Number of protein chains: 2
Amino acid sequence: MARYANVSRQTVSNVLNSPEVVKEETRQRVLDAVEALGYRVSAAARQMRTGRSRLLAVRIETTQDGMNVFDRFLHGLTESAARSGYRVLLYTAADDRAEIATIDQLLGEFEPDGFVLTSTHHGDPRAAWLAERALPFVSFGRPWGAPEDVHPWVDVDGAAGTEAATHHLLDAGHRRIGFVGWEPGSGVGDDRRAGWSRALAGRGLDAGLVLETDGSSAQGQAAARELVERGATALVCVSDSVALGALQVIPDVVGFDDTPVAAAVGLTSLSQPLTEAAARCVDLLTSRLSDRPAVSHVLLTPSLVIRKEPRS
Amino acid sequence: MARYANVSRQTVSNVLNSPEVVKEETRQRVLDAVEALGYRVSAAARQMRTGRSRLLAVRIETTQDGMNVFDRFLHGLTESAARSGYRVLLYTAADDRAEIATIDQLLGEFEPDGFVLTSTHHGDPRAAWLAERALPFVSFGRPWGAPEDVHPWVDVDGAAGTEAATHHLLDAGHRRIGFVGWEPGSGVGDDRRAGWSRALAGRGLDAGLVLETDGSSAQGQAAARELVERGATALVCVSDSVALGALQVIPDVVGFDDTPVAAAVGLTSLSQPLTEAAARCVDLLTSRLSDRPAVSHVLLTPSLVIRKEPRS
DNA sequence: TTGTATGCGTTATCAA
DNA sequence: TTGATAACGCATACAA
């Protein structure tokens, strides 16, 4: 490279890293050489010198029934990261402890510059572990049960979503709207439930038609049956999975996540702006990594995808 | 490290890479030091010296309707790779040309040791590009339209799957079984169709009830309507997407891929052994990477997930 | 504005 | 069986 352009290695490095310091003519000559020789910086060598890998590590998730949105988030993350000059490194882990162990190992070997945590929950040991060590990370999901700004995060406003869904049903004339949720204690589940009850409270309606499930369609269906017996005429659900079960019982149901299943069965559902969320995660992480001042968190609003007008 | 264990750096390296060459006592001392200091080899430094990154690169896919199986394959790949000491690096690309450009760039920067290609098709330029340069790669998907062993691959036997599906319907008493496929020329689609017609031929039945679609549920539904008009009493479909459409027309339908949507709507479907396929991809790649003789390809059989007995 | 020297952490080679 | 040395490619400090 340097020989080809008739300069020193240092000049080449300068052209690439601080172009303004090199004379125009020399710069052009080097740039031509870069082109001609198809030169690319070696990530490994650069990492050895700078200590930065330009790697972002993320755990790849799977769920039992496959009705999740992680794949779309991951795609967005990969794309956004690439735009900022980062690549995404994948790992798997069965639980929080295993994930911490893997992160620890990754840190020693590939030295990712940052981590993206997903599926945050109350008392999340992963966030605590990373924060303790002052490692750069962002979570897709709020620090449930912890102060709002203990670490940077991006999340989707579940409450705003279910509130909009409830209003949608109210506007169609429904007055006895139930909620099929998860067992309490799940930050995400409680948040989604809060939006529903807020909407009802806003119209002076009772928010008593609630039932908890394990998130399966089977329990969703059972819960829906009971709520309908208790007078519910429409249901807001914490997920598409339980909504799918509820849909067997009653037509006016709103799900959450807008999974392919929702589209397939004509289920109205709340769609998370996943590409946007992923992009914001990368933003937060990269500004942190380049010591730029960054906002501490981002809360996005889901949108209601209406697939069928409520009947009454 | 070396100082702590009172040996040279080289001895440490030997303990880690060729333990048999080091005296038992020294080895133990070094191992203790490794433990005490929480030592981990730096991937970057090792890569600089050896030229191997222990990275496998894969493109992350998305489809329009989200009814794909790639996420499960990717999870399996990440897990299997980790077991063999490799990590998965993700990238995105809009088309084959962009993918080749990205692979080229990756090669210069992160220098992945191997690539996993998915969604292979006739005249795939990616496989040709990699093969030309003698780069280690394996594809999940056969080299359609090329000699069987131009490169290592893992695939699922679509024909065997649709043949089993057709037999399933035949056994229930159906005699006029149609096939809803993709436009011809798609290797995967043609293969799946071949299994259906083979099963019918085996019973001396006519394989005339075929229609092509673009893979959407809408076209699946339209095709099903027409085939039913032409006398079909049951349908084998090239994908869950078209099967979903067909299901609106007639109950005895078999899909392909066993996506969450199939489970949601009670659609009988063919399930690909994706974890197994991913594991075999890693096997083929790692044996190639360590110059072990490897089988050239692996063909796996999908299994029929019966969700509803055919009526006859 | 450009060039020289150095070291990041490994491992291969070779000598002891 | 162990140790010394060199080199991978880059970026920084410093000298010219």
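So you know, we letter chains A, B, ... as the sequences are listed, proteins then strands, and number each from 1. Basis for what follows: all heavy atoms, side chains included, without hydrogens, waters or symmetry-related copies. Just so we're clear, the structure is a prediction, and the values are computed from it rather than from any experiment.
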What is the distance, to the nearest angstrom, from the [atom1] atom on [X] to the [atom2] atom on [N]?
X	N	atom1	atom2	result
B:Arg46	C:dA12	CZ	P	10 Å
A:Arg9	C:dA5	CZ	C1'	9 Å
B:Leu16	C:dT10	CG	P	9 Å
B:Glu111	D:dC10	CD	P	9 Å
B:Glu20	D:dT2	CD	P	13 Å
A:Arg52	C:dG9	CZ	C1'	19 Å
A:Gln47	C:dC8	CD	P	15 Å
B:Asn6	D:dG3	CG	C1'	13 Å

| query | Hey, are B:Asp258 and B:Gln272 close enough side-chain-wise for a donor-acceptor pair under 3.5 Å? | reply |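 Result is no, nothing qualifies.
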| query | Among side-chain atoms of A:Arg52 and A:Thr50, is any donor-acceptor pair under 3.5 angstrom? | reply |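 The criterion, which ignores hydrogens and geometry beyond distance, is not satisfied for A:Thr50 and A:Arg52.
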side-chain N/O [X] vs [N] OP1/OP2, d < 4.0 Å:
X	N	result
B:Thr11	D:dG3	yes
B:Ser42	C:dG9	no
A:Thr26	C:dT1	no

Side chain of [X] only, please: which of [options] is the nearest?
X	options	answer
B:Lys23	C:dG9, D:dA11, D:dT1	D:dT1
B:Asn14	D:dC8, D:dT2, C:dC8	D:dT2
A:Val41	D:dC10, D:dG9, D:dT2	D:dC10

| said: Can you tell me how the ring of A:Trp144 sits relative to the ring of A:His122, calling it parallel under 30°, perpendicular over 60° and tilted otherwise? | reply: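 Tilted, since the angle between the ring planes falls between 30° and 60°.
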| message | Over 60° means perpendicular and under 30° means parallel, so tell me whether A:His297 and A:Trp153 are parallel, tilted or perpendicular. | response |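 A:His297 vs A:Trp153 ring planes: parallel.
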| request: Looking at every strand, decide which applies to B:Arg40 at a 4.0 Å heavy-atom threshold: base, sugar-phosphate, or nothing. | output: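 B:Arg40: backbone/sugar contact only, no base atoms under 4.0 Å.
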| field | Quiz item: B:Gln10 side-chain donor-acceptor pair to C:dA12 base, under 3.5 Å | value |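 In this structure, the two groups form a donor-acceptor pair.
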| said: Tell me whether the side-chain N or O atoms of B:Arg49 pair up with the base of C:dT11 as donor and acceptor below 3.5 Å, since no angle test is needed here. | reply: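 Counting by modelled atom types and ignoring angles, a donor-acceptor contact under 3.5 Å is found here.
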| Of B:Arg29 and A:Asn17, the one whose closest DNA chain D nucleotide lies more 5' |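 The 5'-side residue here is B:Arg29.
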| query | Is A:Arg59 close enough and on-axis enough to A:Tyr91, meaning under 6.0 Å and within 45°, for cation-pi? | reply |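 Ring-cation test returns no.
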